Each structure stands twice: as C-alpha cells, then as structure tokens.
Amino acid sequence: MVKLAAKCILAGDPTVGKTALAQIFRSDGAHFQKNYTLTTGVDLVVKTVPVPDTGDSVELFILDSAGKELFSEMLDKLWESPNVLCLVYDVTNEQSFTNCSKWLEKARSQMPGATLPGVLVGNKTDLASRRVVESAQTRAWALGQGLECFETSVKEMENYKAPFHYLAKQFHHLYREKLEVFQALV
C-alpha cells in the first residue's frame, strides 16, 4: 500500500466556483459555500483519494488559486512544480472558458518539458437556461490540449468528485510508469 502526495493547481477566472469545488470535495458534499468570498493568493485544501483496484492512495494538496489577474504575479512561486492541474470555467461565461488557455499556459510554464496531467471542469451546469459554453466545444479544446473534460454543478453536488479522482488515478499511473522504469534499471 503506497500513499503518494500530489500538488494540484486549481485555476480559472474569478467566480467560476473553484473554491466551492475544492470545499465541497474536501467535505464530501457537506459544505457548500453560499456566499461568494474572493480568494486572495492561495488557499490549501488537502484530501486523500483512494486509487481503485490498487490499495494505494494519493493525497491531493489542492492549491485553490486566486482568479484575479491582480494576484497572478504571486502565483509563480506557489505554483512551482505542480503534479496535476484542474482548470475550472463557468458554463454561463464564455470568457471564463476562453481564459482557460491562459491559465493552462501559466501552469505548464511551471513544468517545461514535463507531463502535467490535467482536467477541464465546466461548473454551474445547474444554470442550464443561461448556458453559453457548449460541451462539444470544450471537449474538442480539452482533447487538443491533452486534458480530460468534466462538467459539474457544485451547487447541486453533481459530479464534483470525478475530476479529482481522475487526477489521482493519472498521477498514480505516472508513478507506476516511473517505478517500472526505475526497477528495469536495477
């Protein structure tokens, strides 16, 4: 039984639901923040995720980053050497999806030449009548960027665990690959 630790960057524009997603994941659906509070800098959320069929687990250290451009300068040090990435956008806000490419570029610049497993998460699917970002569009973009695509409604507690479980599984897979390479050298 192996317990791994992974640094997870949670990135995206302000008000897309990054903090709510992290908090509801940590509390297993028990805590939904009804009032918006601007994240300044980075908040840390820690949660252990079991990896199916292995007995192993990954402790995710989720860095919930401020979405304001104003704070993005201080992120460079905090974002140093990430292991996985969770990009979040609001399905009712086209600009929040468009800006995901900026957040992805910033995250990948912290790990030049390395693989950074990641997910793209469309939040606020409960606001279906206000939706402007289509699933097919986001899936195509995510696929082109090597990201897995998820949609969630944190408010309705729908599919909020899946992105983090996927990231833990991907991180564990990379660990197993590196372990096999190392064992082949010995």
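Please read all numbers here as calculations on a predicted model, not as lab measurements.
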Would you check, one step at a time, whether the test side chain to side chain donor-acceptor pair (under 3.5 Å) holds for S153 with D126?
CA-CA 6 Å; S153 168; D126 54 293; 2.8 Å; yes

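- Atoms CG and CD, from L174 and Q170 in turn, are 7.0 Å apart once rounded to the nearest 0.5 Å.
- With hydrogens and angles left out, the side-chain atoms of D13 and S96 include no donor and acceptor closer than 3.5 Å.
- Here the side chains of F171 and H173 are not in contact, with every heavy-atom distance at 4.5 Å or above.
- For N123, the side-chain hydrogen bond (donor to acceptor under 3.5 Å, both in side chains) test picks out no residue, with sequence neighbours left out.
- Between the side chain of K7 and the backbone N or O of E80 there is at least one donor-acceptor pair closer than 3.5 Å.
- By the 30° and 60° cut-offs, the orientation of the rings of F25 relative to H165 is perpendicular.
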Counting only pairs under 3.5 Å, give me each side-chain donor-acceptor contact of residues 107-115, with atom names and distances, residues two or more places apart or in other chains.
unit_1	atom_1	unit_2	atom_2	d
R108	NH1	Q145	OE1	3.4
R108	NH2	Q145	O	2.5
S109	OG	K106	O	2.6

Run T98 and Y89 through side chain to side chain contact (heavy atoms under 4.5 Å, CB included) and show every step you take.
CA-CA 9 Å; T98 303; Y89 70 95; over 6 Å; no

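- In the hydrophobic clustering of ILVMFWY residues, with side-chain heavy atoms under 4.5 Å counting as a link, W79 and L44 come out together.
- Contact check for V132 versus V91: no side-chain heavy atoms found under the 4.5 Å cut-off.
- The local environment of NZ in K169 is sparse, with at most 12 non-hydrogen atoms from other residues, nucleotides or ligands closer than 6.0 Å.
- Between L21 and F164, the closest side-chain pair of non-hydrogen atoms falls below 4.5 Å.
- Here the side chain of T92 pairs no donor or acceptor atom with the backbone of R131 at under 3.5 angstrom.
- With hydrogens and angles ignored, the 3.5 Å screen pairs no side-chain donor or acceptor of S57 with any backbone N or O of K3.
- Taking CG of L104 as the start and CG of L147 as the end, the distance is 5.5 Å to the nearest 0.5 Å.
- Residues L143 and V121 are members of separate hydrophobic clusters, defined by side-chain heavy-atom contacts under 4.5 angstrom among Ile, Leu, Val, Met, Phe, Trp and Tyr.
- When the side chains of ILVMFWY residues are joined at heavy-atom separations under 4.5 Å, either directly or via intervening members, Y175 and V119 end up in a single hydrophobic cluster.
- Using a 4.5 Å heavy-atom threshold, the side chains of F61 and N83 count as separate.
- Between L167 and C86, some side-chain heavy-atom pair lies under the 4.5 Å cut-off.
- Remark: the T19 side chain and the D64 side chain contain an N/O donor-acceptor pair separated by less than 3.5 Å.
- A distance of 5.5 Å separates CH2 of W141 from CG of L120, quoted to the nearest 0.5 Å.
- By the neighbour-count criterion of 12 heavy atoms within 6.0 Å, atom CD of Q183 is densely surrounded, having more than that number from other residues, nucleotides or ligands.
- Ion pair E151/K124 not flagged as a salt bridge, since none of the NZ, NE, NH1 or NH2 atoms sits closer than 4.0 Å to an Asp/Glu carboxylate oxygen.
- Summarising the geometry, atom CD belonging to E59 is positioned 4.0 Å from atom OG1 belonging to T48; distances are rounded to the nearest 0.5 Å.
- Using modelled atom types, no side-chain atom of T125 and backbone atom of G122 make a donor-acceptor pair closer than 3.5 Å.
- The structure places CD1 of I24 at 6.0 Å from OH of Y160, a figure rounded to the nearest 0.5 Å.
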Q23 vs V45, side chain to side chain contact (heavy atoms under 4.5 Å, CB included): CA-CA, chis, key distance, verdict:
CA-CA 7 Å; Q23 295 298 335; V45 172; 4.0 Å; yes

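- No donor-acceptor pair under 3.5 Å is formed between the side chain of D90 and the backbone N or O of V16.
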Report the C-alpha separation of T138 and V133 in whole Å, then their side-chain angles, then the decisive distance to 0.1 Å, and conclude whether the side chain to side chain contact (heavy atoms under 4.5 Å, CB included) test is met.
CA-CA 7 Å; T138 59; V133 184; 3.3 Å; yes

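- Put simply, the side chain of L87 reaches to within 4.5 Å of the side chain of L85, judged on heavy atoms.
- With contacts defined as side-chain heavy-atom distances shorter than 4.5 Å, the pair V46/L60 does not qualify.
- From D43, atom CG reaches atom CZ of R26 across 9.0 Å, with rounding to the nearest 0.5 Å.
- For V58 against A168, the heavy-atom pair with the smallest separation is CG2-O, 3.6 Å.
- Closest heavy-atom contact between P50 and P52: O-CD, 3.6 Å.
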Go through the steps to decide whether T54 and H172 satisfy the test side chain to side chain contact (heavy atoms under 4.5 Å, CB included), and finish with yes or no.
CA-CA 10 Å; T54 65; H172 182 264; 3.7 Å; yes

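- Residues meeting the side-chain hydrogen bond (donor to acceptor under 3.5 Å, both in side chains) test with Q95, sequence neighbours left out: N99.
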